[in-house]
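Report on the following structure.
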Amino acid sequence: MKKILFATSEAFPLIKTGGLADVSGSLPIALNALGHDVRILMPAYADLLAGLSNLPSKRINQTGGMVEIFETMLPGTTVPVWLVSHEGAFDRTGNPYLAENGKPWIDNAERFALLCRVGVEVAMNRIGFGWKPEIVHCNDWQTGLIPALLEDEVDRPATVYTIHNLAYQGLFPKELFQKLGLPQRFWSHNSLEFYDQLCFTKGGLVYADRINTVSPNYAVEIQGKEFGCGMEGLLKQRKDRLSGIINGIDEDAWNPATDPLIPNTFDLSDMTGKQKNKFALQKHFNLSVGNNVAVLAMVGRTVQQKGIDLVIEAMPKLMEMPLQLVILGSGEKKYEQTLKHWQTLYPDRIALKLGYDEALAHLIEAGSDLFLMPSRFEPCGLNQMYSQRYGTVPIVRCVGGLADTVEDTTPANLEIGTASGVVFHETSVEALLAATLWALDLFNKKPQWKKIQRAGMQKDFSWKQSARKYLDLYNLALQDRH
Ligand code: ADP
């Protein structure tokens with residue numbers, strides 16, 4: 001049994017702004033189920049604390065004042081959660097990182113440095129919990145200072161730093177380095193300095209015993225200029241300590257055999273429910289109902305990262321193909337408006353819902369034939385995994401986690417039964433259209449189509465599998481600890 005401190009800035013269902021919350025709300029449970037002692041450390045945001053009452057707590061003195069650490073459990077589980085509370089830091093409502101004007105809270109450096117300092121105290125068993133972890137697992141920049149601050153501690157735990165999104169690095173002006181009272185030796189380009197700024201992420205990238213990201217392919221990609229966000233040199237230097245582990249999916253919430261959010265459940269032994277869901281989806285959007293035409297879907301943020309601009313550019317040619325297009329998403333207004341324009345031009349061919357709609361996302365996964373993800377970059381991606389589980393064949397660009405989770409339909413893969421989608425390489429309209437045509441061709445070849453659906457539906461995207469890989473990573477971190 002390993003003792004693991006999981007430090008994070010968000011965890012589902014307590015608080016969520018993105019994929020990090022899903023990982024933080026799932027991986028500790030999966031590790032716990034494998035018999036390990038995992039405890040989560042995160043901020044006690046006001047909105048979160050408001051939903052909990054009568055929590056036991058411990059108080060400690062920290063630079064900047066008294067810190068109170070509340071003890072609770074991840075809802076519905078036995079995974080302990082320690083919530084760090086400090087007057088003026090986390091006791092405000094709203095987004096954890098952004099003020100109402102959409103800009104980062106002006107004291108983010110102080111707030112998350114405090115979380116990191118408390119993380120060190122917990123890691124070194126100096127709070128009075130009578131518990132010392134062997135591993136501290138840090139996640140993204142908000143916890144990036146922990147591996148750096150632990151560096152000088154005698155008999156410290158091993159550290160793992162996971163990159164969920166390298167684009168967010170916790171960059172702050174030099175003055176904050178002084179203000180936070182960080183050791184002077186950290187002000188170096190070999191340490192926390194990044195072009196004259198303080199960089200929290202570098203605390204993880206430079207000092208963690210092991211670094212990983214959320215897919216093996218993205219771990220390679222970020223060592224290059226295109227995806228490295230300026231960190232490629234450092235990551236290349238530490239490539240022996242860098243690896244990737246695909247995120248799991250919530251297999252209870254996304255299970256076509258039991259999903260309460262879809263009208264007809266189904267599984268591999270009886271796919272009639274899928275057909276009925278397709279008709280329900282077509283009805284929902286007033287599209288003509290039938291199985292001759294393929295439904296091609298997209299769910300996600302309408303931003304350039306996801307290649308929505310390519311889809312818009314490809315629209316005239318897509319509309320010449322025998323397909324119905326279903327899009328659910330929100331994001332940049334200019335793309336939303338252009339999509340609206342296309343929808344009014346082809347009301348019987350294009351279905352569009354702008355906004356966030358969890359239930360509709362389930363119906364779309366369950367009722368579509370094809371799912372399009374032409375992303376420019378994709379650290380892991382979830383929808384391509386949901387799609388395969390629901391017998392919806394993904395068309396993806398060969399990038400990041402998409403490349404790791406979808407097997408292209410080559411003749412060889414089809415033969416051995418591993419083909420589970422259509423993969424294209426170039427970021428171009430031509431490549432997207434060629435892949436779509438190939439997928440439509442497959443849709444009309446029923447024996448092959450069924451084989452592709454079967455391969456996807458049988459894949460293991462469980463957290464259990466990912467948790468085992470994290471355990472291997474923790475062992476490596478323990479070996480590498482100096
Ligand atoms: P990212 O984290 O980059 O946005 P992912 O594919 O990793 O992309 O995860 C996005 C998650 O959010 C998926 O579960 C997806 O289904 C969901 N999602 C995104 N946009 C919407 C929306 N408009 N309505 C419902 N679910 C959405």
Side-chain angles (χ1 to χ4, degrees), residues 8-13 15-27 97 139-140 162-168 213-215 217-218 221-222 227 229 244-256 259 261-262 281 284-285 297-308 311 325-333 335-336 339-340 343 351-368 370-390 392 394-397 399-406 421 461 463 466:
T8 181
S9 56
E10 50 184 282
F12 182 81
I15 182 133
K16 171 171 171 168
T17 73
L20 169 59
D22 289 323
V23 177
S24 306
S26 301
L27 177 58
Y97 319 118
N139 295 278
D140 271 356
T162 301
I163 302 163
H164 298 264
N165 192 339
L166 192 56
Y168 298 100
T213 181
V214 288
S215 69
N217 194 41
Y218 189 60
E221 287 172 345
I222 56 176
F227 301 102
C229 303
I245 299 175
I246 277 287
N247 288 337
I249 60 171
D250 183 336
E251 287 197 314
D252 294 327
W254 292 93
N255 181 354
D259 190 339
L261 296 173
I262 61 176
L281 178 65
H284 178 93
F285 280 115
M298 284 185 89
V299 177
R301 293 179 292 123
T302 52
V303 296
Q304 220 199 11
Q305 182 206 329
K306 302 286 177 185
I308 192 71
V311 178
L325 186 60
V326 172
I327 300 178
L328 165 64
S330 63
E332 268 186 61
K333 291 288 165 268
Y335 296 129
E336 290 187 0
L339 288 171
K340 240 189 217 160
Q343 199 273 328
L352 174 69
K353 166 95 191 265
L354 297 173
Y356 193 93
D357 189 334
E358 186 77 21
L360 186 55
H362 283 247
L363 177 62
I364 291 174
E365 285 291 8
S368 304
L370 292 160
F371 198 96
L372 182 57
M373 292 182 83
S375 304
R376 286 195 160 71
F377 73 93
E378 196 67 77
C380 178
L382 290 171
N383 275 307
Q384 81 281 9
M385 294 192 265
Y386 301 154
S387 295
Q388 289 172 82
R389 208 131 195 257
Y390 281 67
T392 299
I395 304 172
V396 302
R397 195 166 95 75
V399 72
L402 300 177
D404 285 321
T405 50
V406 180
F461 293 122
W463 267 110
S466 304

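Both counts, for ligands and for their atoms, begin at 1 and track the order of listing. Along the sequence shown, residues carry numbers from 1.
Contacts of E365 classified as side-chain hydrogen bond (donor to acceptor under 3.5 Å, both in side chains), with partners at least two apart in sequence or in another chain: S387. Under the rule for a side chain to side chain contact (heavy atoms under 4.5 Å, CB included), the partners of N165 that lie at least two apart in sequence or sit in another chain are D140, A167, Y168. Listed by chain and number, the residues in a salt bridge (Lys or Arg N to Asp or Glu O under 4.0 Å) with E378 are K306 (sequence neighbours excluded).
Residues lining ligand 1 at a heavy-atom distance below 4.0 Å are given as V299, G300, R301, K306, L328, G329, G355, Y356, D357, A361, E378, G381, L382, N383, Y386, ordered by chain and residue number.
Closest of all the heavy-atom pairs between E10 and G18 is OE1-N, 3.1 Å. Of all heavy-atom pairs between V399 and S375, the closest is CG1-O, 3.6 Å.
The one candidate from L325, V311, V299 that meets the side-chain contact (heavy atoms from CB on, under 4.5 Å) condition with L372 is V311.
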